[in-house]
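Keep in mind that this is a model prediction, so the values were computed, not measured.
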Amino acid sequence: MLSEDDRASEGLDWARHALDRPALRIEPLAGDASFRRYFRLRDGREHWVLMDAPPGNEDLEPFIEVSGSLASGGIPVPAILAEDRIRGFLVLEDLGDRLLRDELSAEAPERWFPGLLDLLHRLAEDISADTLPPYDRPRLQQELELFPEWYLGRHKGIRLSCAQLDLWEDLATRLLVSAERQPRGFVHRDFHSCNLLVQPGGQLAVIDFQDAVHGPLSYDLASLLWDRYIPWPRARLEGWMEAFRARTLPEYPADQWVRAVDWMGLQRNLKILGIFARLNYRDGKAGYLELLPRFWGYVQDVLPRYPEFRDFHALLEELACAP
C-alpha cells in the first residue's frame, strides 16, 4: 500500500502528464475529515487543485456525478479538468482559499445570508436528486447511533441501561418520523461555511459535495444555521428558517417548519458529537474534540424547547455527560 507521500508523488507525476506541465510544483491544502486529500499545483502564475481519493477508501464517481448535476443547474463548482478514476486522482479548477467561514461575523451576517438562502433555494428547486442515494430512515438511524456508541460510550465511558435506552430510542424515533414527513430534494449533507468559497464579486462556490443524497430539505438549512464556528442568536435562526420557508416551501405551516428544522438539526448535531468522537478515537484526528462543546451546546439549547424531549434532556443532565 502506498504511503501518503508516495500518493502525493504519484499524483504529481500524473498531473504533470495530464496537464502537460512538467514543471508543476505541489503543496498541501487544508485537511479533510475523510481519506481524501487536496493539494495545490503551481506552474508559474497558474494553479490548480489535485484531489487524491485513494481507491479502496474513497470513490470518485459520486463527486464526478454530483459535480455535473450542480454545474448543469448553474451552481458554481470547481470544473474537473482531468481525471483518473482508476488511480483516484482529479485535477480541479482552483477557486481559491477564501472560505465563507473567514468572512462571516456575528455582527454582520446580513451581507451573506440572503445569498446563502438563495443558494439553498436553487439547490432545492433546480438540482435533481432522483439518482442520488436516499437519505432515508435506516441511514438516519445509523447516523444517530454514533451518539450513544462513540460519544457516550467511547468518549464519556457511559453505557445506557435498558430504561435509559428506552428514552434514547423514543427520541430517535421521533426525530426519524419527523425527517420522513418533510419535503425532500437535493441535500449537500455538509452545507456550512467551510464548504463555501467566496469568489470575486461575492458569488459563492460549493465544494465537498460528493456525499449528496436525496433527503429532507431542512437538513442543509440546519447544517448552515448551527454553524461550527459562530453560534447565532435564536431570533436570527428563526428568522432565517422563516425566510427559507416563505420562498421555497410557502405551503408548509410556519410553526411546523421551525419544529422540523429544530428536530433535523438535533439529529445532525447528535450525530456530529458521535462523528467527532470517532474521528479522535478511531482515526487519530484529535482536533475535532475541541469542537464538541459547541455542538453539545446546540443540543442543550433545542432539547428543552420541546416537551417530548424533557425526559431525555433530564437524563443527559443526570449522566453529567457534557464534554
Under 4.5 Å between side-chain heavy atoms, hopping through other hydrophobics if needed: is there a path connecting [X] to [Y]?
X	Y	answer
Trp296	Tyr281	yes
Phe209	Leu29	yes
Ile127	Ile207	no
Leu95	Leu104	no
Trp112	Leu197	no

Please examine the side chains of [Y] and [X], heavy atoms only from C-beta on, and report whether any two atoms are closer than 4.5 Å.
X	Y	answer
Trp150	Arg282	yes
Val261	Phe244	no
Arg184	Pro216	yes
Glu27	Leu41	no
Tyr306	Phe312	no
Ile230	Arg294	no
Val66	Phe186	yes
Ile64	Leu90	yes

Test your reading of the model: is there a side-chain donor-acceptor pair from [X] to the backbone of [Y], 3.5 Å cut-off?
X	Y	result
Tyr288	Leu273	no
Lys156	Ala322	yes
Ser178	Arg174	no
Asp84	Ile86	yes
Asp301	Gly297	no
Arg87	Pro55	no
Arg21	Asp43	no

Can you give me the closest heavy-atom contact between [X] and [Y], atom names plus distance?
X	Y	result
Val77	Ala71	CG2-CB, 4.1 Å
Leu217	Trp257	C-CH2, 4.3 Å
Glu308	Asp170	O-OD2, 4.2 Å
Ala53	Leu60	CB-CD2, 3.6 Å
Leu12	Leu50	N-CD2, 4.2 Å
Gly73	Arg122	O-NH2, 4.5 Å

Pair [X]-[Y], side-chain donor/acceptor within less than 3.5 Å:
X	Y	value
Thr131	Glu65	yes
Arg268	Ser223	yes
Glu58	Gln210	no
His188	Asp220	no

>> The test is salt bridge (Lys or Arg N to Asp or Glu O under 4.0 Å); show your working for Arg278 and Asp283 and say whether it passes.
In response: CA-CA 7 Å; Arg278 186 177 68 181; Asp283 302 332; 5.3 Å; no
>> Test salt bridge (Lys or Arg N to Asp or Glu O under 4.0 Å) on Arg236 and Glu110; report intermediate values, then the result.
In response: CA-CA 10 Å; Arg236 275 183 166 162; Glu110 294 82 4; 3.0 Å; yes
Could you tell me whether [X] and [Y] make a salt bridge, using a distance below 4.0 angstrom between a side-chain N and a carboxylate O?
X	Y	result
Arg42	Glu46	no
Arg98	Glu103	yes
Asp20	Arg16	no
Arg228	Glu290	no

>> One pair to check against salt bridge (Lys or Arg N to Asp or Glu O under 4.0 Å): Arg245 and Asp255. What are the steps and the verdict?
In response: CA-CA 10 Å; Arg245 184 204 66 83; Asp255 59 335; over 6 Å; no
Atom pair [atom1] ([X]) and [atom2] ([Y]), whose distance is rounded to the nearest 0.5 Å:
X	Y	atom1	atom2	value
Leu225	His192	CG	NE2	13.5 Å
Trp168	Leu270	CH2	CG	5.0 Å
Leu140	Asp136	CG	CG	7.0 Å
Leu92	Tyr38	CG	OH	7.5 Å
Arg139	Leu176	CZ	CG	14.0 Å
Thr248	Asp118	OG1	CG	9.0 Å

> After noting the C-alpha distance and the side-chain angles of Ile272 and Phe147, does the key distance pass the side chain to side chain contact (heavy atoms under 4.5 Å, CB included) rule?
Replying inline: CA-CA 8 Å; Ile272 286 174; Phe147 177 75; over 6 Å; no
>> Classify the ring geometry of Phe89 against Trp14: parallel below 30°, tilted from 30° to 60°, perpendicular beyond 60°.
In response: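 Parallel, since the angle between the ring planes stays under 30°.
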> Given Lys271 and Leu144, is the side chain to side chain contact (heavy atoms under 4.5 Å, CB included) satisfied, shown in steps?
Replying inline: CA-CA 5 Å; Lys271 172 188 73 173; Leu144 271 172; 5.7 Å; no
>> Ring of Tyr229, cation from Arg101 - is the NZ or CZ under 6.0 Å from the centre and inside 45° of the axis?
In response: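 Cation-pi check for Arg101 and Tyr229: passes.
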>> Counting only heavy atoms from other residues, nucleotides and ligands, does the tally under 6.0 Å from CD of Gln142 exceed 12?
In response: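 No.
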> For atom CZ of Arg310, is the number of surrounding heavy atoms from other residues, nucleotides or ligands below 6.0 Å larger than 12?
Replying inline: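 Open.
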>> Quick check on the 6.0 Å ring-centre criterion: do Phe113 and Trp232 meet it?
In response: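 Centroid separation for Phe113 and Trp232: below 6.0 Å.
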> When the aromatic ring centroids of Trp263 and Phe309 are compared, is their separation below 6.0 Å?
Replying inline: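 Yes - the distance between ring centres of Trp263 and Phe309 falls below the 6.0 Å cut-off.
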> Given His155 and Tyr151, is the ring pair (Phe, Tyr, Trp, His ring centres under 6.0 Å) satisfied, shown in steps?
Replying inline: CA-CA 5 Å; His155 184 59; Tyr151 181 79; 5.4 Å; yes
> Between Asn57, Asp52, Asp208, which is the residue that forms a side-chain hydrogen bond (donor to acceptor under 3.5 Å, both in side chains) with Arg36?
Replying inline: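 Of Asn57, Asp52, Asp208, side-chain hydrogen bond (donor to acceptor under 3.5 Å, both in side chains) with Arg36 is met by Asp208 alone.
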